[in-house]
2 protein chains.
Amino acid sequence: MNAPISSPVSSPALTKNQNLVFDVLTRAEAPMSAYTILDKLRDHGFRAPLQVYRALDKLTEFGMVHRLESLNAFVACAHRESECCGAGHGHGTVAFAICESCGHVSEFHDHQVDHRLSDWAKSKGFKPAKTTIEIRGLCEACAA
Amino acid sequence: MNAPISSPVSSPALTKNQNLVFDVLTRAEAPMSAYTILDKLRDHGFRAPLQVYRALDKLTEFGMVHRLESLNAFVACAHRESECCGAGHGHGTVAFAICESCGHVSEFHDHQVDHRLSDWAKSKGFKPAKTTIEIRGLCEACAA
DNA sequence: ATGGCACACGTTATAGCATAACGCAATTGA
DNA sequence: TCAATTGCGTTATGCTATAACGTGTGCCAT
């Protein structure tokens, strides 16, 4: 009795660890590092970073979690249910606006940006695998 | 005799350490991590990571070096002389295409992408400070 | 049923990336 | 001349991520 468990709330059938990590991220107001997640889950039996990283790898693969490269941290995907996490659909690249003051992250998507970038790639014969777009700055509230 | 030295080849007057780091990056075919740079410069008296990081911070500030967030590594700016490194001009955000096979990096710029992103920011009251765009995938040669 | 496979898990150890905190030396300019 | 600034060097430390090992479980083709 170790493998996937009928998930109470999440999309694909997640394992116990995956559910725990996803729940922590979903509740968070800001991105969390793997080690911060680890600390939050010590009460639930987590002892080592790998337990977190393995869950994060899967959740990222499922599209339920995004990694913020410029922060070395993770957020739950903001596109609820139907839009984002469906298996094979992929609505393209997601962009993030990260407030350096309050830590809040806005996730958005822009087809034009997507097209421009993939046009560039096509023109150069470059085959994109994963695209990162992160804007760091101050959110409206913090810029005031 | 410790401060800036008339630089033999570079743009602003760089210090000795800044020149050494910049030269190593300029000669490199692919991005380098701070520790790789450190190893290359042991012969020149470098002993500690901070010596590298401090030089990288300045070079980045000057616009002569870019940090690749998804790689935790650094590259010399590909825009030669006039275009990129001039003090106050800033031609906007730069994007990178990073080959995961050979490590080669292409630096480019797209006004439309820039505009799209800053329009989004404006509409949300978000004040951008620094924008990261990195496409990882396979370059033409490696995709063949 | 059983042997092989794929996968999640747990643990220990280690690798790789980045900065804090101290003090010294040189430069600048009121 | 004195204070402020900047670069430098050193030691120590902290944060991020993965390697390598072994265990247990479910699946399913033979």
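Just so we're clear, the structure is a prediction, and the values are computed from it rather than from any experiment. Here is how names work: the chains are called A, B, and so on, in the same order as the sequence lines, proteins then strands, and each is numbered from 1.
With respect to the salt-bridge test (charged N to carboxylate O, under 4.0 angstrom), the residues Glu134(A) and Arg136(A) do not qualify.
Rounded to whole angstrom, the span from the CG atom of Leu20(A) across to the P atom of dG10(C) amounts to 10 Å. Distance Leu38(B) CG to dT19(C) P: 15 Å, rounded to the nearest Å. In this structure, Leu50(A) places its CG atom 15 Å from P of dA15(C), rounding to the nearest Å. Phe74(B) places its CZ atom 10 Å from the P atom of dC17(C), with the value rounded to the nearest Å. Atom-to-atom, CG of Asn17(A) to C1' of dG10(C) comes out at 9 Å; the value is rounded to the nearest Å. If you take CG of Leu59(B) and P of dG7(D), they are 11 Å apart, rounded to a whole angstrom. Regarding Arg54(B), its CZ atom lies at a distance of 11 Å from the P atom of dA20(C), rounded to whole Å. Rounded to whole Å, atom P of dC8(D) lies 10 Å from atom CG of Leu14(B).
The number of heavy-atom neighbours closer than 6.0 Å to NZ of Lys130(B), taken from other residues, nucleotides and ligands shown, is above 12. Few gaps surround CD on Glu61(B); more than 12 heavy atoms of other groups in view lie less than 6.0 Å from it.
Distance from the side chain of Pro49(A) is smallest to dT18(D) among dG7(D), dG10(C), dT18(D). The side chain of Tyr53(B) lies closest to dC17(C), out of dA8(C), dC8(D), dC17(C). Set against dC17(C), dT11(C), dG9(D), the side chain of Ala48(A) has dT11(C) as its closest nucleotide. Of the listed nucleotides (dA17(D), dC17(C), dC9(C)), dC9(C) has the atom at the smallest distance from the side chain of Thr15(A). For Lys58(A), the listed nucleotide lying nearest its side chain is dA8(C); candidates were dT10(D), dT18(D), dA8(C).
Ring-base stacking between Tyr35(A) and dT16(D) is satisfied, the centre separation being under 5.5 Å and the plane angle under 30°.
No donor-acceptor distance shorter than 3.5 angstrom exists from the side chain of Thr36(B) to the backbone of Met32(B), with no hydrogens or angles considered.
Counting any heavy atom pair closer than 4.0 Å across all strands shown, Arg47(A) reaches sugar-phosphate atoms only and no base atom.
Taking side-chain N and O atoms only, Gln51(A) has no distance below 4.0 Å to OP1 or OP2 of dC9(C). Residue Arg67(B) places at least one side-chain N or O closer than 4.0 Å to OP1 or OP2 of dA18(C). An OP1 or OP2 oxygen of dA18(C) is reached within less than 4.0 angstrom by no side-chain nitrogen or oxygen of Asn72(A).
Aromatic ring pairs are classed by plane angle as parallel below 30°, tilted from 30° to 60° and perpendicular above 60°; the pair Phe74(B) and Tyr53(B) is perpendicular.
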